Protein chains: 2
Amino acid sequence: MASTPSPIRLQTRAVVRSLLAQTAMQLFAEKGFDETTVDEVAAAAGVSRRTLFNYFRTKEDLALSGLSEQGEVIAARLAGRPADEDVWVSLRHAFEVLDEIEASPENRLEIVSMLFDNDSLRAGHAEKQARWTDLLAPLIEPKLPASESRGFEARAIVGAAITCLQAATEEWLRLRGSMALFDLYDTAVAAIRTSN
Amino acid sequence: MASTPSPIRLQTRAVVRSLLAQTAMQLFAEKGFDETTVDEVAAAAGVSRRTLFNYFRTKEDLALSGLSEQGEVIAARLAGRPADEDVWVSLRHAFEVLDEIEASPENRLEIVSMLFDNDSLRAGHAEKQARWTDLLAPLIEPKLPASESRGFEARAIVGAAITCLQAATEEWLRLRGSMALFDLYDTAVAAIRTSN
DNA sequence: CATAGTGGTGCACTAAGTGCAAGTTGCTTC
DNA sequence: GAAGCAACTTGCACTTAGTGCACCACTATG
C-alpha cells in the first residue's frame with residue numbers, strides 16, 4: 001500500500017510538482033490569478049487537468065505551495081541558532097533566509113502584488129504564513145522561562161513576529177520596494193515591543 | 001443612480017441580510033459549513049439562490065459577515081477611549097466589547113469550532129480580523145510619538161494586538177472554553193511585550 | 001510471458017458564482 | 001387614481017473549481 005512510495009517516485013513527483021507550480025506562476029504573473037483557469041495551466045504544462053489536481057489540492061495551492069517550503073527552511077535556520085540567543089533575535093535571523101531563497105528579486109514585487117490582489121489569495125497567503133507558527137513555536141518554546149503556559153506564549157510570540165513580517169511586506173509593497181523589507185520589519189518589531 | 005438609496009430601503013435590506021446570515025449560521029452549525037449548500041440556505045430562508053447572492057458575495061461571507069460589523073463596534077469603542085491612554089490598554093478595552101455583543105455564549109464554542117474547522121473559512125476569518133487594522137490603526141496613530149513612519153507603526157501595533165486575540169481564541173478553543181478569553185489575551189500580550 | 005501495482009487521463013457530476021433578461025413591487029408625480 | 005420609474009427578485013444558461021470512478025499505459029518482478 002502506502003508502505004514504501006519508493007524514493008525515486010517521490011523525487012520525480014517533487015520535480016513534476018515544482019514544474020507545475022512554475023508554469024502556473026508564469027501564467028498568473030502574465031494574466032493574473034483570476035483570469036487564468038486551471039485548464040490553461042494544465043495545458044501549458046502539457047498535462048491533464050485531472051493530473052494537475054493530483055499534485056495540487058486547489059488552484060490556490062498552485063500559487064502558495066512555495067510558502068510551506070519557505071516555512072520549513074525558516075524552521076531549519078531557526079533550529080541552528082544558539083540556544084541562549086534572544087528569541088526575537090533568533091526569529092529575525094531565521095526570517096532573513098527569505099532574502100536568500102526568494103527567486104529573482106526583480107519580479108518579487110510583481111509576485112507579491114499578485115498575491116495581494118486577490119482576496120482569497122491574500123487570505124490564503126496570510127493563513128499559510130500563520131501556519132509557520134506550528135513549525136517555529138516548538139523551536140523557541142525551550143528558550144522561554146518555565147511556565148505552564150510556555151507553549152502558548154511561544155505561539156503568541158511567533159505569531160506576532162510573523163505579523164510584523166506581514167505588516168512589513170504590506171508596507172514594502174505600498175512603497176513599491178523602495179525600502180528594505182527587513183528595515184521595515186525592525187521598525188514594526190520595535191513599535192510593538194517599546195512602551196508607548 | 002446611487003444618489004439616495006432611500007433610508008427605508010437600506011433598513012429593510014439590512015434586516016433581510018441579517019436574517020439570511022442567521023439562517024445560514026443555523027444550518028452551518030447543524031450540518032457543518034462544507035455539508036451545507038447555498039441552495040439549502042436560500043430555500044430555508046425562503047428566497048431564491050440568486051437573491052442570496054445579491055446580499056452576500058460568497059458563501060463564506062454568509063459565515064463571516066458578522067466580523068466586519070464587530071470591527072466597526074470595536075472601532076467605535078476605541079474612539080471613545082481617553083486620548084492619553086496607553087495604546088495597548090485602549091486596544092484591550094476596545095476588544096472587550098466582543099464579550100458584550102457576542103450572541104449567546106453557550107454556542108460560541110460551537111461557532112468558533114465551525115469557523116476553525118474549514119481551511120478557507122479559517123483563512124477568511126483571520127483575514128477579516130486583519131482588516132480590522134484598517135479601522136483601528138488610524139485611531140491609535142495620533143497616540144504615538146511623531147515620526148515619519150507613525151502610520152506604519154500604528155498598523156504593526158494593531159496587527160500584533162489582533163494576532164494576540166487570534167492566538168488567545170485558538171488557545172481558548174483548544175481548552176474548550178475552560179479559561180477566560182481575555183486572560184489568555186493578556187498572557188499573549190505580556191509574552192510578546194516582555195523582554196525574554 | 002503473466003501479473004500486479006502505480007500514475008495519468010477522460011468522463012460525468014456537484015456546487016459556487018456571474019450575466020442577462022425578464023417579471024414584481026411599491027413609490028412618486030401629475 | 002393612473003402612468004411611470006427604480007429597485008428588488010427571480011429563472012436560466014453558462015463558466016469554473018473540484019471530486020469520484022473506471023480504464024489505460026507503463027514498469028518491475030516472478
Side-chain angles (χ1 to χ4, degrees), chain A residues 1-21 23-25 27-28 31-65 117-124 127, chain B residues 1-21 23-25 27-28 31-65 117-124 127:
Chain A
M1 269 281 150
S3 50
T4 322
S6 157
I8 193 75
R9 286 292 180 201
L10 282 179
Q11 208 154 358
T12 54
R13 186 172 176 84
V15 170
V16 173
R17 209 183 126 88
S18 150
L19 187 71
L20 291 174
T23 311
M25 287 305 281
L27 288 179
F28 292 161
K31 317 180 31 181
F33 183 77
D34 287 324
E35 289 69 34
T36 306
T37 69
V38 173
D39 296 75
E40 286 172 321
V41 176
V47 101
S48 83
R49 162 199 183 68
R50 201 60 188 78
T51 296
L52 203 163
F53 277 116
N54 260 332
Y55 282 89
F56 294 90
R57 268 181 41 259
T58 67
K59 179 185 179 185
E60 224 182 74
D61 274 1
L62 274 171
L64 300 179
S65 67
D117 219 35
N118 177 274
D119 265 9
S120 74
L121 206 49
R122 188 175 58 236
E127 166 73 5
Chain B
M1 272 279 150
S3 49
T4 321
S6 159
I8 193 74
R9 285 291 180 202
L10 282 180
Q11 207 155 359
T12 55
R13 186 170 178 85
V15 169
V16 172
R17 209 183 127 88
S18 151
L19 187 70
L20 291 174
T23 311
M25 286 306 280
L27 289 179
F28 292 162
K31 315 181 30 180
F33 183 76
D34 287 324
E35 288 70 33
T36 307
T37 70
V38 173
D39 296 75
E40 286 171 320
V41 176
V47 100
S48 83
R49 162 199 183 66
R50 200 60 188 80
T51 296
L52 202 162
F53 277 116
N54 259 332
Y55 282 89
F56 294 90
R57 265 179 44 260
T58 66
K59 179 185 180 184
E60 223 180 75
D61 274 0
L62 275 171
L64 300 179
S65 67
D117 219 36
N118 177 275
D119 264 10
S120 74
L121 206 48
R122 187 175 59 236
E127 166 73 6

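Keep in mind the model is a prediction, meaning the values are calculated, not measured. Convention: sequence-line order gives letters A, B, ...; per-chain numbering from 1.
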Student: A/Asn54 CG to C/dT9 C1': how many Å, rounded?
Tutor: 10 Å
Student: Strictly below 4.0 Å: does A/Tyr55 bring a side-chain N or O up to OP1 or OP2 of C/dG7?
Tutor: no
Student: If you look at every heavy atom in B/Glu40 and B/Glu35, which pair is closest and at what distance?
Tutor: OE1-O, 3.7 Å
Student: What is the distance from CG of A/Leu19 to P of C/dG7, rounded to the nearest Å?
Tutor: 18 Å
Student: Are any non-hydrogen side-chain atoms of A/Arg49 and A/Phe53 less than 4.5 angstrom apart?
Tutor: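 The answer is yes; the side chains approach within 4.5 Å.
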Student: Holding to side chain to side chain contact (heavy atoms under 4.5 Å, CB included), I want the full list of residues that pass it with B/Tyr55, two or more places apart in sequence or in another chain.
Tutor: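 Counting only residues at least two positions away or on another chain, B/Tyr55 forms a side chain to side chain contact (heavy atoms under 4.5 Å, CB included) with B/Arg13, B/Val16, B/Arg17, B/Leu20, B/Thr51.
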Student: According to side chain to side chain contact (heavy atoms under 4.5 Å, CB included), who are the partners of A/Ser120, at least two apart in sequence or on a separate chain?
Tutor: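 With neighbours one apart ignored, the set is A/Glu60, A/Asn118.
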Student: Is the shortest heavy-atom distance from the side chain of A/Glu127 to the side chain of B/Glu127 under 4.5 Å?
Tutor: no
Student: Taking CG from A/Asp61 and P from D/dA17, how many angstroms apart are they, rounded to a whole number?
Tutor: 14 Å
Student: What's the CG-C1' distance between B/Leu62 and C/dG17, to the nearest Å?
Tutor: 13 Å
Student: Identify, with sequence neighbours excluded, every residue that meets side chain to side chain contact (heavy atoms under 4.5 Å, CB included) alongside A/Ala24.
Tutor: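 Only A/Phe28, A/Val41, A/Leu62 meet the side chain to side chain contact (heavy atoms under 4.5 Å, CB included) criterion with A/Ala24.
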Student: To the nearest Å, give me how far apart CZ (B/Arg57) and C1' (C/dG17) are.
Tutor: 11 Å
Student: Nearest 0.5 Å, what's the CG-CZ distance between B/Asp117 and B/Arg122?
Tutor: 8.5 Å
Student: Between B/Ser65 and B/Ala21, which heavy-atom pair has the shortest distance, and what is it?
Tutor: OG-CB, 4.1 Å
Student: By nearest atom, which of the nucleotides D/dA17, C/dG17, D/dT9 is closest to the A/Phe53 side chain?
Tutor: D/dA17
Student: How long is the gap from NZ on A/Lys59 to CG on A/Asp61, to the nearest 0.5 Å?
Tutor: 12.5 Å
Student: If you take any heavy atom closer than 4.0 Å to DNA chain C, which residues from residues 33-49 of chain B end up in contact?
Tutor: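 When residues 33-49 of chain B is checked for heavy atoms under 4.0 Å from DNA chain C, the hits, listed by number, are B/Thr36, B/Thr37, B/Val38, B/Asp39, B/Arg49.
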Student: State whether the side chain of A/Thr23 and the backbone N or O of A/Leu19 hold a donor-acceptor pair below 3.5 Å, judged by distance alone.
Tutor: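 Confirmed, A/Thr23 side chain pairs with A/Leu19 backbone.
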Student: Tell me the interatomic distance from A/Phe56, atom CZ, to D/dG18, atom P, rounded to whole angstroms.
Tutor: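 Taking CZ of A/Phe56 and P of D/dG18, I get 13 Å after rounding.
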Student: Please give, in whole Å, the distance from D/dG18 C1' to B/Asp119 CG?
Tutor: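 The distance from CG of B/Asp119 to C1' of D/dG18 comes to 15 Å, rounded to the nearest Å.
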Student: State, with a plain yes or no, whether a side-chain heavy atom of B/Leu64 is found less than 4.5 Å away from one of B/Leu121.
Tutor: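 Sidechains of B/Leu121 and B/Leu64: in contact.
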Student: Find the bend of the helix from C/dC1-D/dG30 to C/dC30-D/dG1 as the angle between its two terminal axes (five pairs each), to the nearest 10°.
Tutor: 0°
Student: Please give, in whole Å, the distance from C/dA15 P to B/Glu60 CD?
Tutor: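 Value for this atom pair: 18 Å.
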Student: List the protein contact pattern of nucleotides 20-27 of chain C with one symbol per nucleotide (5' to 3'): B for base contact, S for sugar-phosphate-only contact, - for none; contact means a heavy-atom distance under 4.0 Å.
Tutor: B-------
